[in-house]
Amino acid sequence: MVEFELINPKTLESVPALLGKKWDEALLLAGGTDLLDMLKERLVQPQRVINLKSVPGLSYIKNGAGLEIGALTTIAEIAEHASVRKNFAVLAEAAESIATPQLRNMGTLGGNLCQRPRCWYFRAKDIVCIKKGGGRCYAVDGLNKYHCLFGGGPSFIVHPSDSAPALLALGATLDVLGPHGKEEIALEDFYELPLDNIRREHILQPNQFITAVRVPQPAPGTKSTYLKFREKQSLDFAIVSVAAVLQMEGKTCKKASVVLGGVAPKPWRVEATEAELNGKALTAEVIAKAANAAVANANPMSQNGYKVQLTKVMVRRALERLV
Ligand SMILES: Cc1cc2nc3c(=O)[nH]c(=O)nc-3n(C[C@H](O)[C@H](O)[C@H](O)COP(=O)(O)OP(=O)(O)OC[C@H]3O[C@@H](n4cnc5c(N)ncnc54)[C@H](O)[C@@H]3O)c2cc1C
């Protein structure tokens, strides 16, 4: 680890100036379960680390007209919260599927949404891949069994967060604080494909950060679930995951929201699947068609073709859970 200055701000308002205008100069620390690894591996070498945990009041869950979760709320608190489990099952199930009890006790929601990719080339300190300012994505001609099916190029990472697909399917927004004050950003607009802003995964500026996540109260008749396929059952990132939120009236789906994890550089909404479900009675045939539609535009790499069939099966099983 390279030496840095640890700063413990006491107010939210002081954080943007402390973060400053360059990503490489200062980084925010929440639970530290990802950032400390990145620091130890020298994948990031900031001059300042700003400890968000020294700011009071960012850890809470409120469920009134909708759900509001402070950025420092731990993943464990979300997974265990009675209202979240009752009204936002997809989020509780996603939270429950994350890592291990120890990591869920330390890791926060803000950190989970902003964690960096797990691609083995990105995480290898001696490999300067395109996400780290190099000239190419080594997964293209290399080992790509865990890489993306959708939205790839020139980098082919997948987004690692389990909370992100669940929150996106629920229509969440983020409260973001920066030097010019607060703004609300739809999670749908938060993540970016690795194109112009290839070294980052989201649209935040270096001096902006998430203070809270808001989720609208689901419409009556809404059912939701999160289904995750991982190689190692004890703890693992998603190879494919499905966040499904269906507003039902009897057997008919009034409105579907289906988002995939583990298959694209950002949580991947499958509009074609949603279109196959909207306004229809969810028979086995409709569900099968919706599952097929999810992979119609898949673009597998040399070693990850198995993810196409897996995605199809996972979408079908997630939808079957909700009828
Ligand atoms: C062994 C292992 C297994 C894991 N398995 C899973 C898994 O199955 N599913 C999954 O989703 N995750 C998994 N993770 C990732 C883990 O969930 C994240 O590391 C954790 O959620 C990050 O939260 P944190 O508070 O520790 O963030 P930190 O490590 O403190 O920060 C992570 C990143 O987010 C930034 N950040 C933190 N808070 C904010 C904020 N409020 N606003 C803006 N930026 C912020 C930091 O600057 C940093 O870049 C795993 C991690 C490990 C080590």
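First listed ligand is number 1; within each ligand, the first listed atom is number 1. These numbers come from a predicted model, not from an experiment.
Ring-plane geometry between H147 and W120 is classed as tilted, the angle between the planes lying from 30 to 60 degrees on a 0 to 90 degree scale.
A donor-acceptor contact shorter than 3.5 Å is absent between the side chain of N197 and the backbone of E192.
Near ligand 1, L28, L29, A30, G31, G32, T33, D34, L35, L52, A71, S97, I98, A99, L103, G107, T108, G110, G111, N112, C114, Q115, P160, S161, D162, L204, F209, I210, K228, L235, D236, F237 each place a heavy atom less than 4.0 angstrom from the ligand.
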Worked verdict on N112 versus D162 for side-chain hydrogen bond (donor to acceptor under 3.5 Å, both in side chains): CA-CA 8 Å; N112 191 262; D162 283 305; over 6 Å; no
Stepwise salt bridge (charged side-chain N to carboxylate O under 4.0 Å, His left out) check, D24 with R200: CA-CA 12 Å; D24 298 339; R200 312 298 313 172; 6.0 Å; no
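Every pair passing side chain to side chain donor-acceptor pair (under 3.5 Å) that includes a residue from residues 252-264 is listed here, sequence neighbours excluded: S257-R269.
I69 contributes atom CD1, which lies 6.5 Å from atom CG of L167 (distance to the nearest 0.5 angstrom).
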